[in-house]
**Q** 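Structure below; questions to follow.
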Amino acid sequence: MIKKFTLGPLQNNCYLLVDDNSKSAALIDPPYGVEAISQYIELQKFDLQMILITHAHFDHIGGVNTLVQSSIKPIDVYFHPDDQRLWDAGGGAKEFGFYLELPVLTPKPALDQSIIYLGDYMIQVCHTPGHSPGHVVFYVPEEKSIFCGDLIFYHGVGRTDLPGGSAKTLIKSIEKYILSAPDDVHLYPGHGAATTVGEEKLNNPFLI
Ligand SMILES: [Zn+2]
Ligand SMILES: [Zn+2]
């Protein structure tokens, strides 16, 4: 099951992936205001096991500290090592005039082509630099879904003018891991509406 929340000053989409049998849950890109999701998880008696981070921009990690500090058991936090520097720099929050507190933790490396197991789900990690150096997307074949962070949006693509960004690399990443997926795969971006691979192949002005 996938549930979407839109929260925080930058209207971030945060996705909760729950394995129905075990009630094991993963939260993708927890933003500021994550308390609302914590309450929902508690109410539903889901077992939040991991936080999956597509990239370490502050708006996608704004809720990590709250989740990690309030949990009685350890939660695995995954992101790609190439975004460690961005994480250490507070995700660029200061530059945008935001305050961000991050917990001290050793992240689990979300490496290209690695697989993360959540209950019966297999989550495939795909390294997709361009928007940030360590950007990844999480592909869940069983749900025909890709959680794509700020790589690609409905009829748009991620900005590449921030430190470590590259327009050429971004397009390459989209070609490698998004356009190669079946047309009916859902794309769940970090901001805005969901879309599909087929829709973006046909109608995304940045990819034509
Ligand atoms: Zn971003
Ligand atoms: Zn973003």
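Every number for a ligand or one of its atoms is a count from 1 in the order of the listing. Start at 1 with the first residue, then count along the sequence.
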**Q** Could you work out, with side chain to side chain contact (heavy atoms under 4.5 Å, CB included) as the rule, every residue matching Q44, not counting sequence neighbours?
**A** Y40, F46
**Q** Not counting sequence neighbours, which residues clear side chain to side chain contact (heavy atoms under 4.5 Å, CB included) with R159? List them please.
**A** F96, H131, D161, L162
**Q** Who passes salt bridge (Lys or Arg N to Asp or Glu O under 4.0 Å) against D120, sequence neighbours left out?
**A** none
**Q** Which heavy atom of Q49 sits nearest to which heavy atom of S24, and what is that distance?
**A** NE2-OG, 3.5 Å
**Q** Taking 2.8 Å as the distance threshold, tell me the number of protein N/O/S atoms next to the Zn ion (ligand 1).
**A** 4
**Q** Compute both the distance and the angle, then confirm whether K94 meets the cation-pi test with F98: under 6.0 Å from the six-membered ring centre, within 45 degrees of the axis.
**A** no
**Q** Using the side-chain contact (heavy atoms from CB on, under 4.5 Å) definition, which of the options D29, V77, I28 pairs with L52?
**A** I28
